[in-house]
Amino acid sequence: MKKAKEKSLVNCNLNSHKSADIKQRIGFGILRISVLIILVLLAVIIYDIISKGIGVISWEFLSQPPRRGMTEGGIWPAIIGTVFVTMMTAVFAVPVGVFAAIYLNEYAKQGKRTRIIRMAIRNLAGVPSVVYGLFGVALFVRRFAFGTSILSAGLTLGLMTLPVTITASEEALKAVPNSYRHGALALGVSKWHSIKTNVLPHAISGIMTGAILGLSRAAGETAPILFTGAAYSLPRIPSSLSSQFMALPYHLYIMSTQHSNIEMVRPIAYGTALVLISLVLIMNLGAIFIRSKFRNKH
Amino acid sequence: MENLEKKIIVNDLDFYYGDFQALENISLEVPVNKVTAFIGPSGCGKSTFLRTLNRMNDLIAGTKVDGEVLIDSENIYHECVDVVNLRKRIGMVFQDPNPFPKSIYENVAYGPKAHGIKDKDKLDQIVEKSLRQAALWDEVKDRLDKSAMGISGGQQQRLCIARALSVNPDVLLMDEPTSALDPIATAKIEDLIEDLKKEYTIVIVTHSMQQAARISDYTAFFLMGDLIEHSLTQNIFEKPENKKTEDYITGRFG
Ligand SMILES: Nc1ncnc2c1ncn2[C@@H]1O[C@H](COP(=O)(O)OP(=O)(O)OP(=O)(O)O)[C@@H](O)[C@H]1O
Ligand SMILES: [Mg+2]
């Protein structure tokens with residue numbers, strides 16, 4: 001910083017100034033355009049879905065099961081199915097993810113072994129979701145004999161979100177200054193107590209944000225639940241962890257590709273997409289809310 | 001020093017960060033209820049040595065200790081030693097004030113609470129006593145529930161001293177506790193140290209020879225991981241036995 005300043009003071013070459021200025025403008029211009037493209041795309045997608053889907057949204061649509069081969073009625077079982085399976089995912093993935101992150105960041109001896117573990121976690125985040133689906137069938141549905149159920153689907157989605165949860169939690173823990181840990185340990189406080197009372201409270205907002213973002217992605221996935229628990233059509237609400245369930249993303253998939261009269265149910269498909277997007281949006285807003293609430297506190 | 005009761009006795013201590021030997025063959029005795037100062041140029045191992053006394057170095061990966069550190073005649077590096085308990089007895093104040101982002105009250109109550117004291121009156125008492133000992137009570141008694149991050153650096157450092165005192169240690173280790181403070185805050189902490197030595201054994205690392213001369217009874221001079229000279233502070237500054245000590249103190253004073 002300092003050097004650059006000195007240079008520009010001594011070296012009053014107007015031309016070099018100008019060219020640097022132009023370069024900088026071009027750089028900013030490219031950045032602006034990139035952001036604009038993303039925003040426009042997002043707006044177009046959301047506008048498209050809202051305009052085509054809002055027409056079917058009604059209390060009946062939200063509170064009734066599908067009728068007449070899914071050409072009428074609502075999507076209530078799919079909404080509640082997605083909510084249930086996401087809760088199952090959370091119950092599994094959040095504690096496991098957080099404890100894994102605590103182990104990795106606070107307890108494990110840093111070295112080759114932890115590097116390999118972290119690399120594996122990063123790579124797992126890149127595995128296609130359909131592969132998790134197949135793995136879920138082999139492990140949960142068959143090996144553990146949980147059958148096609150909320151349990152199997154939730155665990156499969158949980159495995160899929162674990163890398164995100166672990167990585168986000170670890171980042172949040174890393175952001176807590178070491179002086180909090182050392183200050184507590186120097187008082188003769190046990191390590192676990194210092195983590196519990198002096199580290200986790202400062203990491204919790206980051207952890208929750210990461211967890212919710214992971215879950216909101218899980219809520220929108222089709223491939224992992226396709227063979228592990230999602231039902232084509234099930235007018236009842238799932239009654240236990242071993243029930244099958246309908247889910248919004250799978251319902252959407254059916255309505256837009258598998259239905260016998262796709263043109264006719266198109267509005268319902270858009271309505272389903274709108275509900276799914278809203279659900280994910282609400283979860284993300286929740287994450288933002290948690291983040292800002294905790295930030296204000298400090 | 002021979003006839004004083006010894007709180008800490010260090011025998012032939014070597015310390016390594018990985019392959020790098022930071023301390024070599026250190027032997028030294030710290031008398032009870034006195035202030036012992038560690039001086040020496042930057043990087044000579046003062047902080048490292050201080051941290052071997054409450055085993056905070058254990059937190060750094062790849063470190064190794066040889067030799068023994070006796071506190072009340074017990075070797076703290078013996079395998080049966082409970083490190084958590086040890087750190088309760090040997091308090092520490094860090095170079096940069098590091099209050100927790102909690103209220104002033106919670107900062108001081110944190111240690112006692114962690115050690116199982118739940119009674120509100122008891123905690124109130126400890127908080128008041130510790131803050132009084134740290135000469136901070138009058139300044140903060142009306143805003144105990146305010147965040148500790150909102151008080152001045154000098155007050156934060158005294159808060160950290162109060163926090164260290166709250167768990168009732170015998171020894172107080174201080175690593176350059178005034179290096180981040182202005183002269184007035186520094187003077188307050190120096191006065192405080194003077195008072196505290198009646199009840200505690202104090203070991204202080206300092207960069208300032210004036211400070212060592214002002215507040216310590218004994219001074220140890222370190223150079224490149226070696227303990228060069230350790231004696232009454234007066235002797236070190238007035239008639240050092242070792243040429244290196246003399247070079248150091250005259251170089252800086254001159
Ligand atoms: N965590 C560490 N890992 C590796 N080497 C370290 C570590 N901490 C300190 N050292 C090295 O050990 C030596 C002694 O460091 P130490 O911090 O004890 O010096 P010091 O006397 O306290 O210096 P200062 O006056 O600057 O605080 C230095 O050479 C330093 O580079
Ligand atoms: Mg130091």
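Since the structure is predicted, the reported quantities are computational estimates derived from the model, not experimental observations. Protein chains get the first letters and strands the later ones, always in sequence-line order, with residue 1 at the start of each.
Other residues, nucleotides and ligands place no more than 12 heavy atoms under 6.0 Å from the CZ atom of F135(A). Within 6.0 Å of atom CG in D119(B), more than 12 heavy atoms from other residues, nucleotides or ligands are found, so the atom counts as buried in its surroundings. The 12-atom threshold is not exceeded at NZ of K122(B), counting heavy atoms of other residues, nucleotides or ligands nearer than 6.0 Å. Taking a 6.0 Å sphere around CZ of F28(A), one finds it holds 12 or fewer heavy atoms contributed by other residues, nucleotides or ligands.
Heavy-atom distances place the backbone of I90(B), and not its side chain, under 4.5 Å from chain A. Neither the backbone nor the side chain of A61(B) comes within contact range of chain A; no heavy atom of the residue lies under 4.5 Å from a heavy atom of that chain. Using a 4.5 Å cut-off between heavy atoms, P99(B) contacts chain A through its backbone alone, with no side-chain atom that close.
In this structure, L185(A) and L59(B) have side chains that are in contact, with non-hydrogen atoms separated by less than 4.5 Å. In this structure, the side chains of V84(B) and K191(A) stay at 4.5 Å or more apart for every pair of heavy atoms.
Ranking R87(B), M56(B), R163(B), K102(B) against chain A, the residue ahead of the rest is R87(B), based on heavy-atom pairs under 4.5 Å.
One distance of note links OG of S190(A) with NE2 of H115(B); it measures 8.5 Å at 0.5 Å rounding.
In this structure, Y180(A) and F100(B) have perpendicular ring planes: the angle between them is above 60°, well past the 30° mark.
Between Y110(B) and S194(A), the shortest heavy-atom distance links the atoms OH-CA, 3.6 Å.
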